[in-house]
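Written out below as structure tokens is the structure these notes cover.
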Number of protein chains: 4
Amino acid sequence: MPRPRSDDKRNAILAAATRIIVTQGLGAPTVLIAKEAAVASGSLFTYFETKSELFNQLFLELKTEMALTAMKGFPEGAELREQLLHVWKNWMNWALSFPEKRRAMAQLGVSGEITPATRATVSKAMAPITELMQRARETGPMRTASMAFVLTLINSVAEATMDFIAQDPANAKKHSKGGFEALWRMVV
Amino acid sequence: MPRPRSDDKRNAILAAATRIIVTQGLGAPTVLIAKEAAVASGSLFTYFETKSELFNQLFLELKTEMALTAMKGFPEGAELREQLLHVWKNWMNWALSFPEKRRAMAQLGVSGEITPATRATVSKAMAPITELMQRARETGPMRTASMAFVLTLINSVAEATMDFIAQDPANAKKHSKGGFEALWRMVV
Amino acid sequence: MPRPRSDDKRNAILAAATRIIVTQGLGAPTVLIAKEAAVASGSLFTYFETKSELFNQLFLELKTEMALTAMKGFPEGAELREQLLHVWKNWMNWALSFPEKRRAMAQLGVSGEITPATRATVSKAMAPITELMQRARETGPMRTASMAFVLTLINSVAEATMDFIAQDPANAKKHSKGGFEALWRMVV
Amino acid sequence: MPRPRSDDKRNAILAAATRIIVTQGLGAPTVLIAKEAAVASGSLFTYFETKSELFNQLFLELKTEMALTAMKGFPEGAELREQLLHVWKNWMNWALSFPEKRRAMAQLGVSGEITPATRATVSKAMAPITELMQRARETGPMRTASMAFVLTLINSVAEATMDFIAQDPANAKKHSKGGFEALWRMVV
DNA sequence: CATGAATGAGTGTTCATTCAT
DNA sequence: AATGAATGAACACTCATTCAT
């Protein structure tokens with residue numbers, strides 16, 4: 001994978017794709033994405049081999065950003081609940097700050113466009129969070145359930161909360177807290 | 001007295017659409033759906049005005065079926081937990097019995113093809129279940145959260161559990177129970 | 001050509017076609033014509049083998065009616081100018097009374113749907129009028145031109161006048177007279 | 001610096017459309033027109049947004065060309081009759097030289113595809129000719145008729161003559177002269 | 001490398017005609 | 001004969017991708 005010349009242009013395309021996906025869905029023509037990025041339609045394909053490739057990269061980028069954001073300022077020595085809450089707050093804050101990214105990510109996640117390879121890479125980026133969740137459930141009521149199932153459940157609660165925040169940002173704080181308590185009761 | 005419009009044919013198209021959506025996604029050509037239903041390509045459009053209309057009807061049909069199934073044999077006088085468990089079991093059982101319906105429903109739900117009108121009708125079909133959930137949270141820890149938020153959360157746990165059952169049917173019982181307990185802890 | 005059972009239904013279809021052609025053009029679906037005629041879509045084809053056949057019959061019917069109307073009350077013994085004027089007035093009157101027929105006829109005439117056979121039959125129906133025109137030009141300035149050419153010219157003036165009357169019926173009388181005088185000067 | 005949009009290609013499409021319209025009518029598939037123009041089917045739509053737009057542009061192009069041709073070498077100082085005859089000859093010559101253009105133009109003119117906007121633009125292109133006609137009738141027998149009516153009449157005679165020339169080119173000269181004299185008698 | 005015109009397979013939908021009832 | 005559902009070929013237009021400039 002040779003890096004294409006301009007990272008700026010690459011990022012412009014990714015950002016444009018995010019916006020377009022939110023307003024037009026994944027079926028939006030690549031020309032539209034290119035136009036939104038102020039780039040020639042053909043140029044899109046020098047940065048991403050195919051439309052599908054663009055979507056996979058975007059998904060990876062978004063998930064990675066989300067994971068990094070979640071772990072920012074992680075309180076290493078603190079108690080579990082504080083750690084979990086810290087991550088949760090970062091997470092919800094990101095969803096509140098970048099609702100478009102959140103929505104595009106959700107759409108991409110269920111689209112069937114995302115390859116197993118991409119999902120695997122995403123998993124790696126999520127590793128620190130996964131590990132935290134693992135510690136969280138270790139002694140709780142779900143200690144005998146399969147970890148994959150627990151992660152699915154946790155993820156679904158997080159996504160639901162983020163979706164709700166995205167569509168009712170006025171009560172973001174309240175929903176964030178409610179979601180966290182629900183998660184805590186469920187797992188710990 | 002021409003050939004009357006046949007419910008059989010309508011159902012064949014809906015069933016075919018379900019199968020095709022699972023294997024090919026919502027972008028699948030209508031000809032394919034028609035062929036799978038053993039019907040001429042044009043006939044699809046005597047039963048559904050547009051592809052989008054077909055998808056909306058299918059979504060409605062699936063959701064309604066799911067809701068009806070969930071309430072089957074509802075123990076009117078029983079305790080809340082038993083009632084909730086009854087619905088939950090029916091629900092998960094349906095997901096286990098008709099994994100394709102479940103998957104198609106999930107895809108349609110996030111597709112942007114479903115109109116607000118359809119969603120409103122679905123809400124009505126879900127009313128008895130909604131009411132039960134309402135009673136469940138009434139005295140629990142989420143009693144002050146907005147009902148819409150609680151429903152979103154409950155729904156997400158249910159969907160996550162169904163998804164998990166669909167992809168690991170061998171442990172369906174275990175996952176079903178795990179999901180229910182998580183839900184119970186979360187809400188009641 | 002076996003006569004179909006009901007002449008009423010046949011006429012209803014022809015009348016409906018006239019109306020539909022005016023509002024929707026010749027590309028209008030046969031179902032529409034059938035509906036306008038209050039007849040089942042399939043029935044149209046028991047009265048006319050094909051859509052094209054329907055158009056040919058309609059054209060013939062309209063032209064024949066127009067020709068018959070034009071000759072109604074023809075003053076056998078009168079002078080040429082009076083005879084010509086009589087025909088002309090009948091003609092223009094018909095166009096004024098049935099603008100839809102006139103418009104449909106015009107559309108059909110240029111459509112490429114009308115077969116030479118139909119045109120030949122029309123010619124026969126127009127024979128008395130043609131003959132009159134022939135007498136008219138006999139001693140006039142166009143006596144050496146080919147009759148076909150003269151007929152084309154006359155026809156075009158008549159059609160132009162009818163079109164103009166159809167779109168400005170308020171001045172029908174004036175236009176009719178103007179057209180006739182123009183014709184007279186041209187031919188006689 | 002990509003391939004620039006080529007006027008050649010645009011013209012090839014217009015010319016192809018002219019030919020196809022004559023042989024297949026306005027219902028001819030766009031693929032056929034594209035093939036005739038030696039262009040990919042999709043390319044047609046980079047030059048003309050819709051089939052209808054193509055037809056409108058073609059009509060405009062043909063009418064404009066016809067009007068320009070008619071005024072070529074106009075004898076400014078000459079007498080009215082000579083001026084009129086000059087225009088008439090140019091006109092008929094054009095019809096004789098490009099019978100396909102003439103036929104396509106006629107079909108388009110009555111098709112219902114041509115928008116009022118296009119007709120208005122055409123009117124402008126015809127202005128010099130219209131003005132000439134205006135001067136012609138000024139003192140003649142039609143001086144009290146509405147100009148629009150006179151124009152319609154003149155036009156119909158011209159079109160009829162062109163049609164006749166197109167289908168009997170051997171006697172083009174004779175028909176041209178005959179048509180002109182008829183016009184002259186009618187108007188001047 | 002940037003540009004946007006060129007390409008042509010692919011799609012939803014229409015509609016004349018047929019045919020089961 | 002009447003009805004209108006069934007059929008499938010046909011068609012305008014789109015769009016991911018390529019490539020001449």
ask   = Within less than 4.0 Å of OP1 or OP2 of E:dA6, is there a side-chain N or O belonging to D:T46?
value = yes
remark   = Contacts of D:Q57 meeting side-chain hydrogen bond (donor to acceptor under 3.5 Å, both in side chains) (sequence neighbours excluded), chain-then-number -> D:E53
note = Rounded to whole Å, the CD1-C1' distance (C:I33 to F:dT3) equals 18 Å
Which pairs would a plain distance check flag for residues 25-45 of chain C, meaning a side-chain donor or acceptor within less than 3.5 Å of a matching protein atom at least two apart in sequence or in another chain?
residue : atom : partner : partner atom : Å
C:E36   : OE2  : C:R19   : NH1          : 2.3

task = Could you tell me which residues satisfy side chain to side chain contact (heavy atoms under 4.5 Å, CB included) with C:A125, sequence neighbours excluded, listed by chain and number?
result = C:T64
ask   = Could you state the CD-C1' distance from A:E53 to F:dT17, rounded to the nearest angstrom?
value = 14 Å
For C:K9, all residues meeting side-chain hydrogen bond (donor to acceptor under 3.5 Å, both in side chains), sequence neighbours excluded = none
message = What is the separation between atom CG on C:L32 and atom P on E:dT14, rounded to the nearest whole Å?
response = 12 Å
inquiry  = Can you confirm whether more than 12 heavy atoms, excluding those of A:E49, are under 6.0 Å from its CD atom?
reply    = no
request  = Compare side-chain N and O positions of A:Y47 against OP1 and OP2 of E:dC1 and report whether any pair is under 4.0 Å apart.
outcome  = no
N/O-N/O pairs, protein side and nucleotides 8-11 of chain F side, under 3.5 Å:
residue : atom : partner : partner atom : Å
F:dG8   : N7   : B:G42   : N            : 3.2

Pair listing, salt bridge (charged side-chain N to carboxylate O under 4.0 Å, His left out) test, anchored in residues 101-111 of chain C, at least two apart = C:E65-C:K101, C:R102-C:E159, C:R102-C:D163
query = Counting distance only, does the side-chain N/O of B:Y47 pair as donor-acceptor with the main-chain N or O of B:S6 below 3.5 Å?
reply = yes
query = Expressed in angstrom and rounded to an integer, what is the separation of A:K35 atom NZ from E:dA2 atom P?
reply = 19 Å
Value in whole Å for how far the P atom of F:dT17 lies from CD of A:E49 = 10 Å
request  = Quickly work out the A:D7 CG to E:dC1 P distance and round it to whole Å.
outcome  = 13 Å
request  = Determine the stems involving DNA chain E; a stem requires 3 or more consecutive pairs of the Watson-Crick or G-U wobble kind, each with both distances below 3.5 Å, and the answer is none if no such run exists.
outcome  = E:2-21 with F:2-21
message = Without decimals, in angstroms, what is the distance between D:F45 CZ and F:dC13 P?
response = 5 Å
query = For B:S6, which contact category applies under a 4.0 Å heavy-atom criterion: base, sugar-phosphate, or nothing?
reply = nothing
note = Residue set satisfying salt bridge (charged side-chain N to carboxylate O under 4.0 Å, His left out) with C:E113, at least two apart, ordered chain then number -> none
remark   = Between CZ of C:F48 and P of F:dA2 the distance, given in whole Å, is 13 Å
task = Could you tell me whether the phosphate oxygens of E:dC1, OP1 or OP2, come under 4.0 Å of any side-chain nitrogen or oxygen in A:K9?
result = no
key: B:N56: partners by side chain to side chain contact (heavy atoms under 4.5 Å, CB included), with sequence neighbours left out   = B:S52, B:I114, B:T115, B:T118
ask   = So which one's nearest nucleotide on DNA chain E is more toward 5', D:R5 or B:L26?
value = D:R5
